[in-house]
Amino acid sequence: MIKNPVLTGFHPDPSIIYHNETFYIATSTFEYFPGVKITASKDLANWETVCYPLNNHTLLDMRGNMKSCGVWAPCLSWSNGLFYLVFTDVKSWCQKPYKDTPNYITTAKDIKGPWSDPVYINSSGFDPSLFHDDDGRKYFVNMEWDYRKMKAVGDEGEQFSGILVTELDPVTLKAISKPVKVYKGTDRELVEAPHIYKKDGYYYLFTAEGGTQYAHTQTIARSKEIYGEYETHPDKYLICAKEAHKQIDQGKLQKTGHGSIAQAKDGKWWFAFLCGRPLEGTKYCPLGRETSINEIIWENDWPYLKNKTQVADVEFEGYGTKEPAKKIDYDFNSDKFLLDFQTPRTYPKYEIIDGVLRLYGGDSPVSNFSQGVFVRRQTEFSFEVETSFTLHGENFQQMAGLMYRYDERTHYYLRVSRDDDGKPTLGLICMDAWNFSMPIPEIPLNEGKVYMKLCVDNCEGKFSYSTDGINFIEIPYTVDVTTLSDDYADPLGFTGAYVGMQCVDMNDKTAYADYHSFSYTPK
């Protein structure tokens with residue numbers, strides 16, 4: 001049996017396909033660069049990162065994007081020898097009543113690229129997808145955002161005004177029809193994340209509803225014609241944790257919805273969907289929205305979970321056995337470590353020199369432009385990170401260390417800097433919902449390499465440091481992990497907790513830090 005979620009940590013909005021005996025899943029990356037994470041598996045149990053297709057500014061320029069903007073809900077598909085990737089680069093989303101949502105398509109012959117220059121489609125709404133009909137015609141599908149229907153803050157139901165279908169030229173991918181609104185959703189509202197599939201003469205429309213929190217669902221509708229009329233599933237929802245229990249159930253997957261389907265060579269159908277797992281006794285999900293999988297069956301030309309309920313399976317039978325998570329010691333002899341690490345909005349300036357990662361100082365930890373940071377997802381509730389580095393800087397505005405972040409608004413940064421006399425010091429910087437603090441006195445250090453650790457056990461974390469790599473001194477401050485979650489963010493966020501290396505230079509951009517090691521150990 002394979003335990004859900006299959007992609008732990010921040011992996012939302014999965015778009016799954018099956019091609020050449022391989023399952024591929026594309027997930028949202030929001031403001032993290034490069035954009036769109038694609039993972040692959042032969043057995044649904046063990047997954048590896050294949051690539052981040054949107055890896056240059058021609059394909060994706062997010063400099064200046066606010067938190068939780070960027071790449072929303074990509075759609076991966078394959079047709080006639082090409083992979084197609086559809087994505088939104090959201091430029092604004094919480095500035096009521098508007099959303100700026102330019103949608104694009106890029107293609108590649110190989111999943112690892114190179115990917116073509118993006119073709120702009122529209123900006124009428126987000127969560128776009130591409131449907132390849134069996135007669136060769138192609139249709140672009142997205143939800144529509146209607147700014148005119150703004151009501152009270154938090155009441156956005158009518159602004160999600162329906163699902164649009166637009167026919168595209170199969171070669172140029174330019175629109176050759178006006179958009180047609182084909183479905184307005186159910187009384188759960190907030191209809192989004194559309195995908196169309198064709199089976200046995202029916203067009204099946206998969207949408208998410210209820211918002212991507214605890215009332216999240218996957219709604220199903222079908223029609224004999226691409227433009228409708230679509231009838232809703234007899235049970236309305238394929239999956240919905242909210243229908244099964246009215247309060248948070250720690251033993252179940254929460255926030256289930258927003259998914260897609262793929263058929264394997266043995267004829268089985270698989271449904272990949274996002275979910276959330278709150279820390280025990282809380283509503284907070286620092287791992288963000290993760291990806292789970294259920295098998296689905298078809299009865300009376302309707303899809304159902306194989307378990308005949310609307311509650312996701314905690315485990316399922318796939319094609320293999322999941323290998324246990326183990327410690328990763330990252331190797332800085334090549335760029336391979338970047339398969340796990342991302343950075344907000346744009347790559348920082350860095351070099352690899354004889355197995356050392358030289359990270360140049362970027363903007364402050366609250367910048368929406370160019371931070372000097374490489375971070376990786378937190379993928380377990382309990383873990384340990386250790387790193388070592390040497391800072392090359394001259395004043396208090398130049399610093400480097402270990403960053404544990406949700407976004408610019410909320411993060412914890414154990415860093416080495418300089419005092420007014422130019423001597424090295426160590427301190428902790430905290431940003432909690434924009435409330436800045438330095439909760440411990442600065443600690444004097446000698447020149448040279450510094451070692452840092454972060455040990456997280458569910459709701460709490462502890463930093464420590466060492467100058468010899470053996471004897472560590474714990475920082476007298478407890479990190480509140482619940483703050484690093486979508487559920488704590490205001491307005492709501494869409495990412496998850498990341499941990500990694502950051503170098504800051506708010507003086508003259510001459511500082512850098514040489515990172516000698518970085519390890520991540522699941523507990």
Side-chain angles (χ1 to χ4, degrees), residues 29-35 52 55-57 60-67 70 330 332 334-335 337-377 385-418 424-431 436 438 449-452 454 463 465 495 497-518 520:
T29 43
F30 290 84
E31 70 264 37
Y32 285 94
F33 188 87
Y52 294 88
N55 58 7
N56 61 63
H57 291 146
L60 179 67
D61 190 348
M62 298 189 295
R63 290 170 290 188
N65 283 17
M66 296 180 65
K67 69 184 188 71
Y330 288 98
F332 294 139
S334 72
D335 284 339
F337 77 95
L338 292 177
L339 288 174
D340 278 356
F341 285 80
Q342 292 178 279
T343 189
R345 298 171 187 85
T346 185
Y347 270 146
K349 182 182 178 182
Y350 74 98
E351 293 180 274
I352 293 175
I353 305 172
D354 297 328
V356 173
L357 174 64
R358 177 163 292 180
L359 185 56
Y360 289 87
D363 295 349
S364 77
V366 301
S367 172
N368 290 340
F369 289 87
S370 184
Q371 297 189 37
V373 56
F374 280 122
V375 284
R376 57 148 288 162
R377 292 161 176 78
V385 159
E386 182 175 341
T387 190
S388 62
F389 66 94
T390 305
L391 172 66
H392 299 268
E394 297 180 349
N395 68 35
F396 73 97
Q397 291 179 315
Q398 299 169 325
M399 61 189 92
L402 182 57
M403 170 61 74
Y404 189 29
R405 78 188 304 272
Y406 178 77
D407 58 17
E408 289 70 42
R409 176 183 178 272
T410 302
H411 52 260
Y412 302 90
Y413 185 31
L414 184 65
R415 62 91 175 102
V416 172
S417 186
R418 299 275 176 174
T425 63
L426 179 144
L428 179 63
I429 293 175
C430 301
M431 187 72 78
F436 173 84
M438 298 178 67
K449 185 186 293 188
V450 178
Y451 300 79
M452 291 182 175
L454 171 63
F463 284 104
Y465 75 98
T495 55
Y498 275 76
V499 62
M501 306 160 281
Q502 181 149 9
C503 184
V504 175
D505 187 346
M506 297 177 288
N507 183 47
D508 60 7
K509 297 296 187 285
T510 61
Y512 60 89
D514 285 335
Y515 282 87
H516 307 278
S517 63
F518 191 95
Y520 180 95

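Nothing here was measured: the structure is a model prediction, and the numbers come from that model. Along the sequence shown, residues are numbered consecutively beginning with 1.
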All side-chain hydrogen bond (donor to acceptor under 3.5 Å, both in side chains) counterparts of [X], not counting sequence neighbours:
X      : value
Tyr350 : Asp335
Ser388 : Ser517
Ser370 : none
Tyr515 : none

Only counting residues at least two apart or in another chain, list the ones meeting side-chain contact (heavy atoms from CB on, under 4.5 Å) with [X].
X      : result
Arg358 : Glu351, Ile353, Tyr360, Tyr512, Asp514
Tyr347 : Phe33, Pro34, Leu338, Thr343, Phe374
Glu394 : Gln398
Val385 : Phe383, Leu402, Val499, Phe518, Tyr520

Exercise. Can you tell me which residue pairs pass the salt bridge (Lys or Arg N to Asp or Glu O under 4.0 Å) test with a partner in residues 406-416, sequence neighbours excluded?
Key: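 Residue pairs passing salt bridge (Lys or Arg N to Asp or Glu O under 4.0 Å), neighbours aside: Lys67-Asp407, Arg345-Glu408, Arg405-Glu408, Arg415-Glu442.
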
Self-check item: Polar side-chain atom of Ser417 near backbone of Phe396 as donor-acceptor pair, under 3.5 Å
Solution: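 It does hold such a pair.
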
Self-check item: Heavy-atom donor-acceptor pair, Asp354 side chain to Val356 backbone, under 3.5 Å
Solution: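 Side chain of Asp354 to backbone of Val356: no pair is present.
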
Quick check for you: to the nearest 0.5 Å, what is the distance between [X] atom [atom1] and [Y] atom [atom2]?
X      : Y      : atom1 : atom2 : value
Leu359 : Met501 : CG    : CE    : 7.0 Å
His411 : Met431 : NE2   : CE    : 4.5 Å
Phe332 : Leu357 : CZ    : CG    : 5.0 Å
Thr387 : Leu454 : OG1   : CG    : 11.5 Å
Gln342 : Glu31  : CD    : CD    : 10.0 Å
Thr29  : Met62  : OG1   : CE    : 6.0 Å

Exercise. Could you walk me through whether Asp363 and Lys509 pass the side chain to side chain contact (heavy atoms under 4.5 Å, CB included) test, one step at a time?
Key: CA-CA 9 Å; Asp363 295 349; Lys509 297 296 187 285; 3.5 Å; yes

Provide the closest heavy-atom pair for [X] versus [Y] in the form atom of the first, atom of the second, distance.
X      : Y      : answer
Leu426 : Val416 : CD1-CG2, 4.3 Å
His57  : Asp61  : O-CB, 3.8 Å
Ala513 : Ala400 : CB-CB, 3.5 Å

Practice problem: Please lay out, stage by stage, how Tyr404 and Phe463 fare under the test ring-ring contact (aromatic ring centres under 6.0 Å, His included). | Solution: CA-CA 10 Å; Tyr404 189 29; Phe463 284 104; 7.1 Å; no

Self-check item: Flag side-chain contact, heavy atom, 4.5 Å: Tyr498 against Val373
Solution: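 Side chain of Tyr498 against side chain of Val373, heavy atoms only: no contact under 4.5 Å found.
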
Self-check item: Any residue meeting salt bridge (Lys or Arg N to Asp or Glu O under 4.0 Å) with Lys349, in chain and number order, not counting sequence neighbours
Solution: none

Self-check item: Set of salt bridge (Lys or Arg N to Asp or Glu O under 4.0 Å) partners for Arg376, sequence neighbours left out
Solution: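 Partners of Arg376 under the salt bridge (Lys or Arg N to Asp or Glu O under 4.0 Å) test: none.
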
